[in-house]
There are 2 protein chains.
Amino acid sequence: MSKLEKRDEIARAALGLIAENGFHGAPMAMIAEKAGVGAGTIYRYFENKDILINELYRDLEERIYPIILCGYEQKQTIRNRFLHMNSAMLRYFIENPLDFRFLEQFHNSPFGVAHRRDKILGKKKECDIFLELFREGIAQKIVKDLPLVILFALSFGPILTVTRDHILGFIKLDDVLIDQTVAACWDAITA
Amino acid sequence: MSKLEKRDEIARAALGLIAENGFHGAPMAMIAEKAGVGAGTIYRYFENKDILINELYRDLEERIYPIILCGYEQKQTIRNRFLHMNSAMLRYFIENPLDFRFLEQFHNSPFGVAHRRDKILGKKKECDIFLELFREGIAQKIVKDLPLVILFALSFGPILTVTRDHILGFIKLDDVLIDQTVAACWDAITA
DNA sequence: TATTACGGAATGAACGTTCATTCCTAGATA
DNA sequence: TATCTAGGAATGAACGTTCATTCCGTAATA
């Protein structure tokens, strides 16, 4: 097994255990066992557990962004661009429940708060595309003139809740339902 | 100090620490210190930590329900009833950030999942008023004909996200903003 | 005095991390 | 080609710490 493969094996094991059992249900020994390596080996690839977790998050972001942006066309209407991105995100979460659960664990932890602070205080290019979209919509008087943070909440809040419900088996989201949900989010933010 | 007062003191200390630091940042010894009792004393009031946490949750639900329903009038329009309940909830969360943070910790933990399963499988009268409201709205073709779970997500998802942003200081929610946000949620669920 | 409540030291389990040791492999040697 | 060797990678037992819980001597209460 190559170096990269082993690193990925450890990362995959850690992400799965954390997603399913939370940070505390994923001791290093268990991660090592699931990855098929010795406990000490993990420390050859990740300095400590905190760093492991933060790298998992970084990897995940890098995996998600291109997928959500795939097929995104700047020349489309604002509405279509919004529907595209929001449903791409919802679909990704539904198809990758472990990724979603890990994200939730991450955000509801000191890691997540620290991460948010960094984001608010600093650079973190990411959500720029959404911000851009909202700003454009407001300028054209299509989108409600509300703080961007609130538009975000109206767009993503329901996506997160609905994904959780889907993963926990409270509802089965099909293509129609996904489109209806995303369209309802659009209704929330439009004037 | 009376028996009940001491129980409450412990509960308050536990809720505060868990809200601020998570379940793992709230060891029993720390709860005891904050409550001004010995570590062993806690076990005279709560059989173990799991039971303590579940009782905290139960207490919290009992505290919140009457507050949200206060001033609720069955004869009001569906829209007004929705706005009333949703903004009451948002206002409560903003005014009681510790309660909100505790709820989030609870929901994002094995406790919360177990609790949800119980709710879906069984009794748990609670959200009945919301369900009732949604059903009535659908019957009158005012509310979108979507599964109740999705209407829930569209209504509460943004409230949760926005509250988190407010508590973390990313936005300052005033009366106007609260009303606008809740109204936007109404736009999301209406046909 | 008898009973109950309290406090906090003691306990043992579980955890993250370390490190002395073993294992593996690629290159050198013959 | 067969053998040896050096050095990095892997290992998992052991360590120190932290935590929930228990225990028992003391204080309050009746």
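Letters go in sequence order (proteins before strands), and every chain restarts at 1.
Separating the CZ atom of A/F23 from the P atom of C/dG16 is a distance of 12 Å, rounded to the nearest angstrom. One can place CD1 of A/I53 at 9 Å from P of C/dT17, the figure rounded to the nearest angstrom. Here the C1' atom of nucleotide D/dC19 and the NZ atom of B/K49 are 8 Å apart, to the nearest Å. One interatomic measurement links the two molecules: CD of A/E33 to C1' of D/dT11, which rounds to 14 Å at whole-angstrom precision. Separating the CZ atom of A/F46 from the C1' atom of D/dA10 is a distance of 15 Å, rounded to the nearest angstrom.
Taking 4.0 angstrom as the limit, B/K6 places a side-chain polar atom (N or O) nearer than this to OP1 or OP2 of C/dC6. Side-chain nitrogen and oxygen atoms of B/Y45 include at least one within less than 4.0 Å of the OP1 or OP2 phosphate oxygen of C/dC6.
No option in B/F152, B/Y72, B/F156, B/W186 other than B/W186 meets the ring-ring contact (aromatic ring centres under 6.0 Å, His included) test with B/F82.
Distances from the side chain of A/V37 to the nucleotides D/dT11, C/dA5, D/dA20 place D/dT11 closest. With D/dT21, C/dC6, C/dC15 as the choices, the nucleotide that has an atom nearest any side-chain atom of B/N48 turns out to be D/dT21. Closest to the side chain of B/T41, from the set C/dT17, C/dG7, D/dA9, is C/dG7. When the nucleotides D/dA20, D/dA10, C/dT17 are ranked by their closest atom to the side chain of A/Y43, C/dT17 comes out on top. The side chain of B/M28 lies closest to D/dA20 when the candidates are D/dA20, C/dG16, D/dT11.
Ring-plane geometry between B/H107 and B/Y57 is classed as perpendicular, the angle between the planes exceeding 60 degrees on a 0 to 90 degree scale with a lower cut at 30.
Positionally, the nearest nucleotide of DNA chain C for B/G38 lies more toward the 5' end than for the other of B/G38 and A/A39.
Listed for the A/T41 side chain is no donor-acceptor partner under 3.5 Å among the backbone atoms of A/V37.
Taking the centre of each ring, A/F23 and A/F106 stay at or above the 6.0 Å mark.
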